[in-house]
Amino acid sequence: MSFPLLTATAALPALGAIATAAVPAGRRTAAKWLALLVSLGTLALAAVIAVRFEPGGGRYQLTESHAWIKDFGVRYELGVDGIGVALIALTAVLIPFVILAGWHDADPSPASGGETPKETKNYRWRPTQGFFALILSVEAMVILSFEATDVFLFYILFEAMLIPMYFLIGGFGDRAHAGTDENAAAQRSYAAVKFLLYNLVGGLIMLAAVIGLYVVAGNFSLTEIAEARANGTLEMATNTERLLFLGFFFAFAVKAPLWPLHTWLPNAMGESTAPVAVLITAVVDKVGTFAMLRFCLGLFPEASEWATPVILALALISIVYGALLAVGQRDIKRLVAYASISHFGFIIMGIFAMTTQGQSGATLYMVNHGISTAALMLVAGFLISRRGSRLIADYGGVQKVAPILAGTFLIGGLATLSLPGLAPFVSEFLVLVGTFARYPVVGIIATFGIVLAALYTLVLYQRTMTGPVKEEVRTLPDLRLRELVVVTPLIALLIFLGVYPKPLTDIVNPAVEHTMSDVQKKDPQPEVEAAK
């Protein structure tokens with residue numbers, strides 16, 4: 001039997017989470033290093049997956065299949081296509097930086113004399129160990145969700161990842177906010193509960209659709225259902241397929257998030273630490289858009305085409321609405337949250353444009369948005385931790401006292417507005433080209449999102465980094481070595497993938513072709529008038 005590489009890539013962070021949680025409370029530094037080493041080991045396994053994956057090979061590779069719940073046809077079934085490989089790589093790359101950026105986020109507050117209120121000689125409460133264990137557990141479940149080809153297994157992971165995220169949002173809030181607001185704990189609790197309720201409602205509706213799918217198909221295997229539909233042995237009534245599609249899509253739209261199901265995201269990101277905010281929008285939310293490609297289009301092609309006009313309209317609203325609200329924000333982290341809502345609108349628009357360029361661009365957008373948002377949010381987090389405030393108005397002239405911090409913040413912001421030469425430009429360009437080829441009016445309206453992105457990004461930089469130096473920022477230190485180790489590789493990736501995206505496109509394009517085949521769509525041919 002071959003080595004179960006996919007299982008090992010998810011099992012390592014899961015076991016690492018257990019080991020990190022078990023580290024004695026007095027050994028906080030050991031827990032941090034253990035979590036970091038586990039995340040680097042996971043990155044190494046993800047690199048092996050990328051190397052062993054053959055873009056020109058079968059649709060799902062490195063497959064594993066074992067009986068799980070025989071009476072209900074549930075199997076532990078894994079496999080990766082090019083889209084899954086790209087997102088596993090994104091997750092594995094970001095988690096070490098999340099851990100490094102949050103190195104001191106769960107340490108006891110200096111105001112408490114170096115001890116948390118519950119720290120006693122028994123050391124029953126270990127916040128630092130719990131913080132990093134929760135991050136590793138999220139990584140394990142996200143990676144396994146990108147590998148799952150059994151619908152029931154995917155559903156379990158889709159719901160289970162909400163639990164550690166709930167505790168990360170509600171239990172480890174932004175200390176800058178806590179220092180200025182007496183109701184910080186209540187607001188963190190509100191944000192965590194709102195995140196949980198929104199996603200649980202979506203998950204419950206999806207559960208009904210999963211059960212309906214089993215009643216119709218007799219099993220949960222994505223590959224078997226797709227094969228049965230292709231050879232005509234499985235037929236779904238039109239109304240049945242549409243209802244099942246809506247059940248799946250609703251849950252994925254909440255996770256993505258798509259307007260009007262987006263309102264949990266600004267609260268969750270605003271009340272979280274910067275590394276946890278990155279975990280939410282750059283890692284966990286990608287499960288929603290990934291699932292639209294794999295499950296909505298793969299299982300329900302006719303219903304996907306039927307729902308496309310409405311979904312494109314919702315995506316357009318997300319693009320413009322998210323960007324407009326980002327322009328008016330006074331809170332740095334909430335600005336990034338609304339910008340992400342706008343970017344997810346582009347991703348969903350590319351998926352449902354039903355063109356090769358659109359879906360390739362959407363997949364690249366998932367990866368590039370993850371990197372660019374991580375770079376911008378983590379640098380913003382370093383800035384906020386220095387000043388103790390998330391309000392834009394509390395800054396000014398930072399580039400004169402911390403030029404490296406300001407420079408990295410600018411590059412992260414320019415990537416967010418998709419400047420040519422940085423990675424998000426390639427994906428946004430492909431999404432717009434692919435959308436315009438089939439839906440030109442939608443593509444034209446979506447370009448307003450680019451203009452607004454330039455506005456909120458440059459205004460944010462101008463108000464925080466330029467102008468007279470405010471008295472409160474005169475003593476701000478520049479980026480330290482650990483912070484440079486976090487930011488520098490992310491910026492290098494943004495530049496490399498902006499100049500040379502071929503390694504990603506070579507992996508992603510064959511998987512996109514399979515998806516286009518599922519929905520029986522071909523790219524529209526350009527109309528060229530004959531020469532007179």
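We use all heavy atoms of the structure for the numbers below, so side chains are in, but hydrogens, waters and symmetry mates are not.
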Please check if the side chain of [X] supplies one atom and the backbone of [Y] the other of a donor-acceptor pair under 3.5 Å.
X      : Y      : result
Ser372 : His369 : yes
Gln359 : Ile351 : yes
Asp81  : Arg59  : no
Arg387 : Leu383 : no
Ser342 : Tyr338 : no
Glu224 : Phe220 : no
Thr373 : Gly370 : no
Lys32  : Phe132 : no
Thr281 : Val278 : no
Asn368 : Ala423 : yes

Reported [atom1]-to-[atom2] distance for the pair [X] and [Y], which is rounded to 0.5 angstrom:
X      : Y      : atom1 : atom2 : value
Ser304 : Leu299 : OG    : CG    : 9.0 Å
Asn219 : Ile225 : CG    : CD1   : 5.0 Å
Glu139 : Leu279 : CD    : CG    : 9.0 Å
Ile143 : Ile49  : CD1   : CD1   : 7.5 Å

So Phe252 and Phe154, would you call those rings parallel, tilted or perpendicular, with 30° and 60° as cut-offs?
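Taking Phe154 first and then Phe252, their aromatic rings stand perpendicular (interplane angle over 60°).
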Between His262 and Phe344, does the ring centre distance come in under 6.0 Å?
no
Go through the steps to decide whether Val151 and Phe248 satisfy the test side chain to side chain contact (heavy atoms under 4.5 Å, CB included), and finish with yes or no.
CA-CA 11 Å; Val151 177; Phe248 278 82; 3.9 Å; yes
Hey, are [Y] and [X] close enough side-chain-wise for a donor-acceptor pair under 3.5 Å?
X      : Y      : result
Glu64  : Thr7   : yes
Glu77  : Ser221 : yes
Tyr365 : Glu428 : yes

Flag the pair Arg390 and Asp331 as a salt bridge only when some basic side-chain nitrogen lies within less than 4.0 angstrom of an acidic carboxylate oxygen.
yes
Derivation and outcome, side chain to side chain contact (heavy atoms under 4.5 Å, CB included), residues Arg294 and Ile83:
CA-CA 9 Å; Arg294 173 167 284 189; Ile83 299 169; over 6 Å; no
Taking ring-ring contact (aromatic ring centres under 6.0 Å, His included) as the definition, give me every residue that meets it alongside Phe290, ordered by chain and number, with sequence neighbours left out.
Phe146
[X] atom [atom1], neighbour heavy-atom count above 12 within 6.0 Å:
X      : atom1 : result
Phe167 : CZ    : no
Trp103 : CH2   : yes
Arg482 : CZ    : yes

If a pair satisfies side-chain hydrogen bond (donor to acceptor under 3.5 Å, both in side chains) and one of its residues is in residues 192-201, list it, with sequence neighbours excluded.
Lys194-Asn267, Tyr198-Thr263
